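Worksheet: one structure, shown below.
Computed from a prediction, not measured in an experiment: that's the story for all the values here. Just so you know, these numbers use all the heavy atoms, side chains as well, and skip hydrogens, waters and symmetry mates.
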Amino acid sequence: MFGLLALITASIFFGAAIYINVAEQPAMLALDGGAALREWVPAYRRGFEMQAPLAIVSCLLGAVAWWQSGDALWGLGAAVIILNWPYTLFVIMPVNQRLETTRPDQANAETRELIERWGKLHAGRSALGALATVIYLAAAAGGF
């Protein structure tokens with residue numbers, strides 16, 4: 001039961017993350033710099049509010065599934081999904097902070113480059129979500 005819930009929460013995390021990369025980010029980049037920044041700030045906050053708890057819950061559920069089953073794949077999936085936290089804090093957060101401190105009326109070419117860079121960095125979160133989902137799926141199926 002815990003493993004299935006870990007798989008579901010990792011899948012939801014991945015779905016939200018990949019949506020940002022394939023739909024929201026390209027749409028945002030079609031806007032001018034100021035409008036893109038005005039869109040990015042609340043979109044990022046809402047995404048964080050959804051994805052951060054999903055990563056924690058999925059990790060905890062995967063860890064419980066590992067503890068109950070002894071199958072290390074559950075633990076590996078839990079470790080991969082929680083890697084989103086340090087990845088965000090240490091790799092993406094410096095870009096976030098620069099974007100969050102820029103006023104939309106001061107947006108310029110550098111702001112646009114930061115939004116583009118943020119999208120590329122966010123793809124790392126999508127990849128971690130996909131990898132965790134595949135690992136959990138393998139654990140649920142009985143291993144590779």
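In this structure, Glu116 and Gln25 approach most closely via the heavy-atom pair CA-NE2, 4.0 Å. Among all heavy-atom pairs drawn from Val57 and Thr9, the shortest one is CG1-CG2, 4.1 Å. Here the closest non-hydrogen pair linking Gln51 and Ala17 is NE2-CB, 3.2 Å. Taking all atoms of both residues into account, the shortest heavy-atom contact from Cys59 to Ile82 is SG-CB, 3.7 Å. Taking both residues in full, the closest heavy atoms of Ala63 and Ala78 are given as N-CB, 3.8 Å, listed atom of the first, atom of the second, then distance. Closest approach of Leu29 and Ile115 over heavy atoms only: CD2-CG2, 3.8 Å.
The shortest distance between side-chain heavy atoms of Phe13 and Asn84 falls below 4.5 Å. Inter-residue side-chain proximity for Arg117 and Lys120 is flagged as unmet; no heavy-atom pair is nearer than 4.5 Å. Side-chain atoms of Leu7 and Leu137, non-hydrogen and from C-beta on, do get closer than 4.5 Å to each other.
Under the 4.5 Å side-chain contact rule for hydrophobic residues, Ile20 and Val41 share a cluster. No continuous path of ILVMFWY side-chain contacts below 4.5 Å connects Phe14 to Trp85, so the two sit in separate hydrophobic clusters. Cluster annotation: Ile18 is not connected to Ile92 through the hydrophobic network of ILVMFWY side chains, with a link wherever side-chain heavy atoms come within less than 4.5 Å. Criterion: ILVMFWY side-chain heavy atoms under 4.5 Å apart, direct or through other members. Under it, Leu37 and Val95 are part of a common hydrophobic cluster. Residues Val22 and Leu121 do not share a hydrophobic cluster, defined by chaining ILVMFWY side chains whose heavy atoms lie under 4.5 Å apart.
Side-chain atoms of Tyr87 do not come within 3.5 Å of backbone N or O of His122 as any donor-acceptor pair. For Ser58 (side chain) and Ala55 (main-chain N/O), no donor-acceptor pair under 3.5 Å exists by modelled atom type.
Here the CD1-CG distance, from Ile81 to Leu131, works out to 9.0 Å after rounding to the nearest 0.5 Å. Here the CE atom belonging to Met50 is positioned 6.5 Å from the CD1 atom belonging to Ile12, to the nearest 0.5 angstrom. Remark: Thr102 OG1 to Trp40 CH2 distance equals 9.5 Å, nearest 0.5 Å. Within the model, atoms CH2 of Trp67 and CG of Leu60 stand 13.5 Å from one another, a figure rounded to the nearest 0.5 Å. Atom CD in Gln68 sits 10.5 Å away from atom CE in Met1 (nearest 0.5 Å). Note that the CD1 atom of Ile8 and the CG atom of Leu54 stand 11.5 Å from one another [nearest 0.5 Å].
Heavy atoms of other residues, nucleotides or ligands lying less than 6.0 angstrom from CH2 of Trp66 number 12 at most. Applying the 6.0 Å contact sphere to OH of Tyr44 captures more than 12 heavy atoms from other residues, nucleotides or ligands.
By the 4.0 Å N-to-carboxylate-O rule, Arg45 lies too far from Glu49 to be salt-bridged with it.
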